[in-house]
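We name chains A, B, ... by the order of the sequence lines, and we start the count at 1 in each one. Computed from a predicted structure; not experimentally measured.
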Number of protein chains: 2
Amino acid sequence: MTAATNIAQLQAQINTQYATLSKRLQQVASYVLENNQSLAFDTIATIATQANVPPSTLIRFAKAFEFSGFNEIKKLFRQDLIEETTSYTDRARLYKENNTTSLEKPLPILQEFARVNSEAMHQLATQASEQQLTLAVNILSNAENIYILGLRRSYSTAAYLTYALRHVGRKTFLLDGLGGMFDEQASMIGTNDVLLSISFSPYAKETQVLTESVSQKGAKQIIITDSKMSPLAAWSDVCFVVNEGKVDAFRSQSASLCLVQSLVVALAFQ
Amino acid sequence: MTAATNIAQLQAQINTQYATLSKRLQQVASYVLENNQSLAFDTIATIATQANVPPSTLIRFAKAFEFSGFNEIKKLFRQDLIEETTSYTDRARLYKENNTTSLEKPLPILQEFARVNSEAMHQLATQASEQQLTLAVNILSNAENIYILGLRRSYSTAAYLTYALRHVGRKTFLLDGLGGMFDEQASMIGTNDVLLSISFSPYAKETQVLTESVSQKGAKQIIITDSKMSPLAAWSDVCFVVNEGKVDAFRSQSASLCLVQSLVVALAFQ
DNA sequence: CTTTAAGTGAAATAAAAATTTCAATTTAAG
DNA sequence: CTTAAATTGAAATTTTTATTTCACTTAAAG
């Protein structure tokens with residue numbers, strides 16, 4: 001055996017050797033497998049206390065795995081943290097600095113999309129309001145029929161939402177304007193129904209017209225859009241403002257999709 | 001002024017005081033604003049070298065901002081890293097431990113979806129192969145017409161892909177089976193065309209039948225699916241296996257959407 | 001020009017952290 | 001049981017890291 005050069009390797013080695021280790025070394029092994037954070041940041045003394053062993057045992061553990069000292073193990077975990085976080089936070093700047101060259105190959109584009117989407121997810125989770133979500137779920141739950149509206153860019157999200165809602169047993173209709181019957185479809189919306197509209201800049205005109213006319217019928221409205229200034233916001237009972245990630249001028253959809261899916265699952269769990 | 005208790009505060013203080021700082025302290029200030037990683041992990045000596053100041057200047061800097069020493073500043077940055085990473089990596093276990101209660105309210109569901117999606121993004125970015133992506137982009141680029149197939153669960157992704165490809169000027173057709181004309185639509189696929197199919201378990205039967213028949217016509221095929229064992233994989237020129245996140249039994253779509261969007265943007269940049 | 005205050009950096013010191021040592025304890029083998 | 005080998009942990013030591021000191025430099029005020 002030779003000293004591991006990354007966490008995955010080390011973890012594999014620990015697993016295979018676990019049974020052959022002494023009692024105290026097993027304690028350390030368990031701790032090492034389960035406390036990545038602590039390993040990266042805490043001092044040997046702290047780690048020793050938390051794992052209920054004397055500091056010297058940590059050094060013995062390290063040597064049992066061919067390291068020169070426990071500090072080598074700590075370095076491994078710090079390195080891992082650096083890689084993990086640079087790939088999703090500080091890497092932004094790196095991309096921007098040399099995106100003239102890098103954004104022309106598919107893999108960097110994919111990685112950049114993955115990064116901005118991940119960031120958008122984080123933002124969505126942080127900014128979402130419990131109150132709004134609950135209200136939206138209640139409205140959907142009490143509605144007789146659910147109508148979904150999303151045109152052009154938002155069509156795919158609307159289509160997904162329709163599919164998912166039907167799967168959890170809700171009467172759901174997608175206003176797709178098929179056969180030129182947009183108005184006819186919309187005229188079916190009644191007082192006990194709800195209209196969920198998805199619209200991003202540039203806001204489709206049909207969506208604006210429809211949300212306004214529906215609000216006069218007394219049906220409930222839920223809006224998913226990209227700005228508080230959106231022309232739709234005014235007519236809604238609940239309005240979700242979603243910040244999508246983008247690469248260059250290409251906006252993503254992942255955050256809206258995530259929101260929409262969460263609503264459906266929450267509805268299913270009610 | 002009193003010592004900052006988090007990075008944001010410290011950064012704000014640095015910004016307002018920047019002009020009043022001495023030359024060397026400004027150097028440190030710049031370094032502190034731009035090198036979060038280094039601040040969390042490196043020793044004072046290392047940081048001093050990288051910022052081109054003697055170590056004592058770092059301590060002076062810290063004291064200028066009311067800290068007892070520079071180590072206090074390092075702790076701030078470490079704390080921040082801990083919080084950032086626990087929110088998206090170690091939190092998994094926490095969720096699993098008490099998901100019996102938590103997955104019944106909308107906000108935790110949303111947060112859990114955000115987390116698994118973020119993870120799926122990370123995985124996608126890590127596992128994607130440059131070679132496959134380039135090949136796929138080339139096939140799309142050389143195709144006369146692009147046909148998109150995605151039924152049921154995959155329909156929304158297929159719809160988005162169709163929308164996006166048309167926006168970057170490709171002749172694209174969505175095989176939606178509208179008007180019961182699935183076979184008629186499919187029969188238009190010619191030798192110089194490409195069929196991009198998206199299919200997840202349970203794989204729609206129509207998709208399987210179509211991919212097989214198209215492969216006999218000599219058209220190129222690109223597949224996006226969720227397993228190497230997928231019945232579609234056999235017929236493809238390029239096959240992307242995407243690992244989607246899921247909450248309970250509800251699978252997400254974000255990773256596929258991200259992949260699809262990356263392909264379109266890469267194509268646009270060609 | 002002084003003069004004085006503020007700023008700077010190399011080297012010394014202090015503090016903290018990691019590692020080693022060694023006597024004590026436990027375990028396994030005869 | 002007895003004995004040898006392995007394991008353990010408190011304390012000592014070494015090494016690393018952070019902080020302070022003080023002579024020197026620079027810049028500003030009179």
Side-chain angles (χ1 to χ4, degrees), chain A residues 1 3-4 10 13-14 17-32 35-82, chain B residues 1 3-4 10 13-14 17-32 35-82:
Chain A
M1 190 182 67
L10 176 60
Q13 289 181 2
I14 292 176
Q17 300 210 32
Y18 190 88
T20 74
L21 297 173
S22 76
K23 201 173 113 215
R24 284 278 121 118
L25 291 193
Q26 288 189 349
Q27 256 176 272
V28 177
S30 303
Y31 190 88
V32 169
N35 297 74
N36 300 16
Q37 298 261 116
S38 164
L39 278 269
F41 290 114
D42 294 339
T43 67
I44 302 255
T46 310
I47 297 169
T49 308
Q50 296 199 298
N52 269 303
V53 298
S56 42
T57 302
L58 295 187
I59 280 91
R60 282 191 200 106
F61 176 87
K63 298 206 162 159
F65 287 90
E66 311 278 326
F67 293 97
S68 78
F70 197 82
N71 233 4
E72 299 288 315
I73 291 186
K74 286 183 55 181
K75 275 185 198 155
L76 233 54
F77 281 82
R78 263 180 300 205
Q79 190 52 40
D80 190 75
L81 250 196
I82 287 175
Chain B
M1 188 181 68
L10 176 60
Q13 289 182 3
I14 292 176
Q17 299 210 34
Y18 190 89
T20 74
L21 296 173
S22 75
K23 199 173 116 220
R24 284 278 123 119
L25 291 194
Q26 288 189 347
Q27 257 176 273
V28 178
S30 304
Y31 190 87
V32 170
N35 297 73
N36 298 17
Q37 298 260 117
S38 163
L39 277 268
F41 291 113
D42 294 339
T43 67
I44 303 254
T46 310
I47 297 170
T49 308
Q50 296 198 299
N52 269 303
V53 299
S56 43
T57 303
L58 294 188
I59 281 90
R60 285 193 197 104
F61 177 86
K63 299 206 161 159
F65 285 90
E66 311 277 327
F67 293 96
S68 77
F70 196 82
N71 232 6
E72 299 288 315
I73 291 185
K74 286 182 57 180
K75 276 185 197 156
L76 234 54
F77 281 83
R78 264 181 299 205
Q79 190 51 43
D80 191 75
L81 249 196
I82 287 175

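Between B/K23 and the phosphate of D/dA27, there is no side-chain N or O to OP1/OP2 separation shorter than 4.0 Å. Under 4.0 angstrom from either OP1 or OP2 of C/dA17 there lies no side-chain N or O belonging to A/K74.
We find that CG of B/L58 is positioned 16 Å from P of C/dG7, with the value rounded to whole Å. Per the geometry, CZ belonging to A/F41 stands 17 Å off C1' belonging to C/dA17, to the nearest Å. Atom pair A/I44:CD1 and D/dT17:P shows a separation of 12 Å (rounding to whole Å applied). Atoms NZ (A/K75) and P (C/dA18) sit 11 Å apart, rounded to a whole Å. Counting to the nearest Å, the P atom of D/dA18 and the NZ atom of B/K63 are 14 Å from each other. Atom C1' of nucleotide D/dT14 and atom CZ of A/F70 are separated by 19 Å, given to the nearest angstrom. In this structure, B/F61 places its CZ atom 16 Å from P of C/dG9, rounding to the nearest Å. Between the CZ atom of A/F67 and the C1' atom of C/dT19 there is a distance of 16 Å, given to the nearest Å.
The B/T57 side chain lies nearest to C/dG9 when the options are D/dT8, C/dA18, C/dG9. Nearest to the side-chain atoms of A/T43 among the listed nucleotides C/dT8, C/dA18, D/dA18 stands C/dA18. Of the listed nucleotides (D/dT8, D/dG9, C/dA18), D/dG9 has the atom at the smallest distance from the side chain of A/P54. The listed nucleotides are C/dT20, D/dT21, C/dA18; the one nearest the side chain of B/R60 is D/dT21. Side-chain proximity of A/R24 to the nucleotides D/dT8, C/dT8, C/dA18 is greatest for D/dT8. The side chain of A/I59 sits closest to C/dT19 out of C/dG9, C/dT19, D/dT19.
Under the 30°/60° scheme for interplanar angles, the aromatic rings of B/F61 and B/F70 are found to be tilted.
In this structure the side chain of B/L81 never reaches within 4.5 angstrom of the side chain of B/R78, judged on heavy atoms. A/V32 has its side chain out of reach of A/F65: every pair of non-hydrogen atoms, C-beta onward, lies at least 4.5 Å apart.
A donor-acceptor pair is defined here as one N or O able to donate and one able to accept, closer than 3.5 Å; no such pair exists between the side chain of A/E72 and the backbone of A/A62.
Here A/D42 contributes atom CG and A/Q37 contributes atom CD; the two are 9.5 Å apart, rounded to the nearest 0.5 Å.
Heavy-atom distances to DNA chain C give each of B/S56 and B/N71 a nearest nucleotide, and the one nearer the 5′ end belongs to B/S56.
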